[in-house]
Colleague: 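The structure is given below, and queries will be raised subsequently.
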Amino acid sequence: MARISRFPLYSLLFFAAVPSLAQLTLTLDPLPTVNGLAAGARVAWICLSRVSVDSGIEIRRFSGVDQDTDGNGVIPLPFEGEVPPRSIWIAVVLESGAAVASTPGDFPDQPAELGLSLVAGRTPSEMTVALERTQGLLVRPGVAPAGSAWGFAATDGATGDAGDEADGAVLLANDGFTSIAEAPPLGAPQPGDVAVAIDVLTLSYQIQTLAAQVPIR
């Protein structure tokens, strides 16, 4: 004789009604849009693109901080025109530090190990990236009004590099971080900050939650 289940029908209805958690995505067709956010969330975002011009290749950067003002979990990024075919887009949720990256069309998505880390420098802490030229974001997660973002750009042995000479890596000077959306002065990177470094030459990238400092070499 078949056993009759006594599992209540209302329990089945309850479980069926529980929505699945939305997945954080960054879509670029037709316009850059961050999806799967909590209602009212904010994101810091950056786009780096390589554009052919008469003089060669030009690097163009777009970045900002935007909020889901209507509570639908979606933020269309304020970008005008067509998405550059050779570009990398990265968004970081300010409340949680969750991050997502996307590239358009057939352009390759290139996550990589770029030597992004927090080091014990001349100030309480500094950030290092093993690249000749880099741009990116530093995000300090937190629920509003906390949660801030800063941008950076550096060239090995030149602009933005606190190191003494060209040595295949940049040591990002803390006073070289620029405020995005009226963020307060950075002070110094901290463990728990989310760092995004992009290789200007290849558009490969690393997204890293900074850990405790390591001795500078």
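No experiment lies behind these values; they were computed from the predicted model shown.
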Colleague: Decide if atom CG of D106 counts as having more than 12 heavy atoms of other residues, nucleotides or ligands within a radius under 6.0 Å.
Modeller: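 Atom CG in D106 is not packed in, count stays at 12 or less.
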
Colleague: Measure from the side-chain N and O atoms of E95 to the backbone N and O of G147, and report whether any donor-acceptor pair falls under 3.5 Å.
Modeller: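 No, because the side chain of E95 does not come within donor-acceptor range (under 3.5 Å) of the backbone of G147.
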
Colleague: How far apart are the closest heavy atoms of A197 and L114, and which atoms are they?
Modeller: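 Looking at all heavy atoms of both residues, the shortest contact is O-CD1, 3.7 Å.
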
Colleague: Look only at the side chain of D156 and the backbone of G168, and say whether a donor-acceptor pair between them is shorter than 3.5 Å.
Modeller: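 Yes, the answer is positive, given that a donor and an acceptor are paired below the 3.5 Å cut-off.
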
Colleague: Between I198 and V92, is there shared hydrophobic-cluster membership here, with clusters defined by ILVMFWY side-chain heavy atoms closer than 4.5 Å?
Modeller: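 In one cluster with I198: V92, yes.
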
Colleague: Run the side chain to side chain contact (heavy atoms under 4.5 Å, CB included) test on V200 and L48 for me, step by step, so that the C-alpha distance in whole Å, both residues' side-chain angles and the decisive distance to 0.1 Å come before the verdict.
Modeller: CA-CA 8 Å; V200 171; L48 225 60; 4.1 Å; yes

Colleague: Without swapping roles, check the side chain of S96 against the backbone of A98 for a donor-acceptor pair under 3.5 Å.
Modeller: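 Confirmed, S96 side chain pairs with A98 backbone.
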
Colleague: Taking the side chain from T33 and the backbone from I75, do they hold a donor-acceptor pair closer than 3.5 Å?
Modeller: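 No; judged by distance alone, with no hydrogens or angles, the pair does not exist.
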
Colleague: Any link between I207 and V139 through a network of hydrophobic side chains (Ile, Leu, Val, Met, Phe, Trp, Tyr) touching at under 4.5 Å?
Modeller: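 They do share one cluster, since a chain of ILVMFWY contacts under 4.5 Å joins I207 to V139.
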
Colleague: Specify whether W45 and W89 have parallel, tilted or perpendicular ring planes, treating 30° as the upper limit for parallel and 60° as the lower limit for perpendicular.
Modeller: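 The arrangement is parallel - the two ring planes meet at less than 30°.
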
Colleague: Donor-acceptor pair, R140 side chain versus W150 backbone, under 3.5 Å?
Modeller: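 The answer is no, because no donor-acceptor pair under 3.5 Å joins these two groups.
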
Colleague: Any donor-acceptor pair under 3.5 Å linking the side chain of E58 with the backbone of S52?
Modeller: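 No.
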
